[in-house]
Amino acid sequence: FFFQAEDGIRDYKVTGVQTCALPIYLILRCMVDISLADGELESEELAMMAQVHQELIGEEPAEGALEALAESRMGAAAEGEVGAAEGANGTPFEGLLAELREQASRIDDQARKIILETAFRVACADGTIEDEEEEQLRRIAGALSIGEGVLDLEINAFRLSQQSPR
């Protein structure tokens with residue numbers, strides 16, 4: 001599975017613990033930022049994040065952990081708090097994109113696809129992909145060097161599946 005060193009981040013300075021933590025951290029941040037793209041943290045999105053957490057880690061997230069992460073990301077965006085990766089005029093999402101671009105060459109293809117897929121699953125959780133969510137998905141795909149055609153196929157397939165038969 002992609003969390004193991006030989007399949008994950010390829011950097012001799014990264015220990016096994018860091019190798020496991022970095023993709024999970026990026027996955028969580030992508031899922032949370034997608035859930036906040038439209039300005040609302042919806043129960044369906046939280047449920048999907050918990051399901052993905054269970055699938056990837058093998059255990060449910062601690063009670064309130066996902067909500068706390070979302071609140072901290074919203075608070076940082078509202079207060080204009082940014083880290084070094086965001087730059088002077090950045091946002092937490094811009095910082096995430098910068099980190100994804102930086103790490104993309106160290107994360108294998110499967111891990112990059114999983115990062116985008118988990119964000120996509122959260123965007124779809126409420127039955128629709130909002131314009132803001134689609135824009136962020138496209139920016140995540142770009143930061144991970146995943147072609148837009150891949151994302152277009154998934155978005156179109158999802159939208160077709162949501163149309164009611166006439």
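- Residues Q54 and Q51 have side chains not in contact (no heavy-atom distance under 4.5 Å, counting atoms from C-beta outward).
- Legend: side chain to side chain donor-acceptor pair (under 3.5 Å) pairs involving residues 56-68, not counting sequence neighbours: none detected.
- L116 and A141 get closest at one heavy-atom pair: CD2-CB, 3.9 Å.
- How far CE of M48 is from CZ of F120: 10.5 Å, rounded to the nearest 0.5 Å.
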Please list, one pair per line, the donor and acceptor atoms closer than 3.5 Å that link side chains of residues 34-44 to other protein atoms, with sequence neighbours excluded.
{"unit_1": "S35", "atom_1": "OG", "unit_2": "V32", "atom_2": "O", "d": "2.6"}
{"unit_1": "D38", "atom_1": "OD1", "unit_2": "E40", "atom_2": "N", "d": "3.1"}

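- To the nearest 0.5 Å, atoms CG (L26) and CD1 (I114) are separated by 12.5 Å.
- Within the 4.5 Å cutoff, no side-chain heavy atoms of D33 are placed close to those of I140.
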Output, in order, the C-alpha distance, side-chain angles, deciding distance and verdict of side chain to side chain contact (heavy atoms under 4.5 Å, CB included) for V52 and L28. CA-CA 9 Å; V52 168; L28 289 173; over 6 Å; no
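- The line from CE of M74 to CG of L69 is 10.0 Å long, rounded to the nearest 0.5 Å.
- Sorted by first and then second residue, the pairs that involve residues 119-132 and meet side chain to side chain donor-acceptor pair (under 3.5 Å), not counting sequence neighbours, are E55-R121.
- Residue Y25 holds its OH atom at 13.0 Å from CD1 of I115, rounded to the nearest 0.5 Å.
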Taking distance alone, no hydrogens or angles, what donor-acceptor pairs closer than 3.5 Å link side-chain atoms of residues 144-160 to residues at least two apart or in another chain?
{"unit_1": "E148", "atom_1": "OE1", "unit_2": "R138", "atom_2": "NH1", "d": "3.1"}
{"unit_1": "D152", "atom_1": "OD1", "unit_2": "R138", "atom_2": "NH1", "d": "2.8"}
{"unit_1": "D152", "atom_1": "OD1", "unit_2": "R138", "atom_2": "NH2", "d": "2.6"}
{"unit_1": "N156", "atom_1": "ND2", "unit_2": "D152", "atom_2": "O", "d": "3.2"}
{"unit_1": "R159", "atom_1": "NH1", "unit_2": "E134", "atom_2": "OE1", "d": "3.2"}
{"unit_1": "R159", "atom_1": "NH2", "unit_2": "I129", "atom_2": "O", "d": "3.4"}
{"unit_1": "R159", "atom_1": "NH2", "unit_2": "E134", "atom_2": "OE1", "d": "2.8"}

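- For A104, the side-chain contact (heavy atoms from CB on, under 4.5 Å) partners at least two apart in sequence or on another chain are R112.
- Inter-residue side-chain proximity for C30 and L100 is flagged as met; some heavy-atom pair is nearer than 4.5 Å.
- H53 places none of its side-chain heavy atoms less than 4.5 Å from the side chain of M49.
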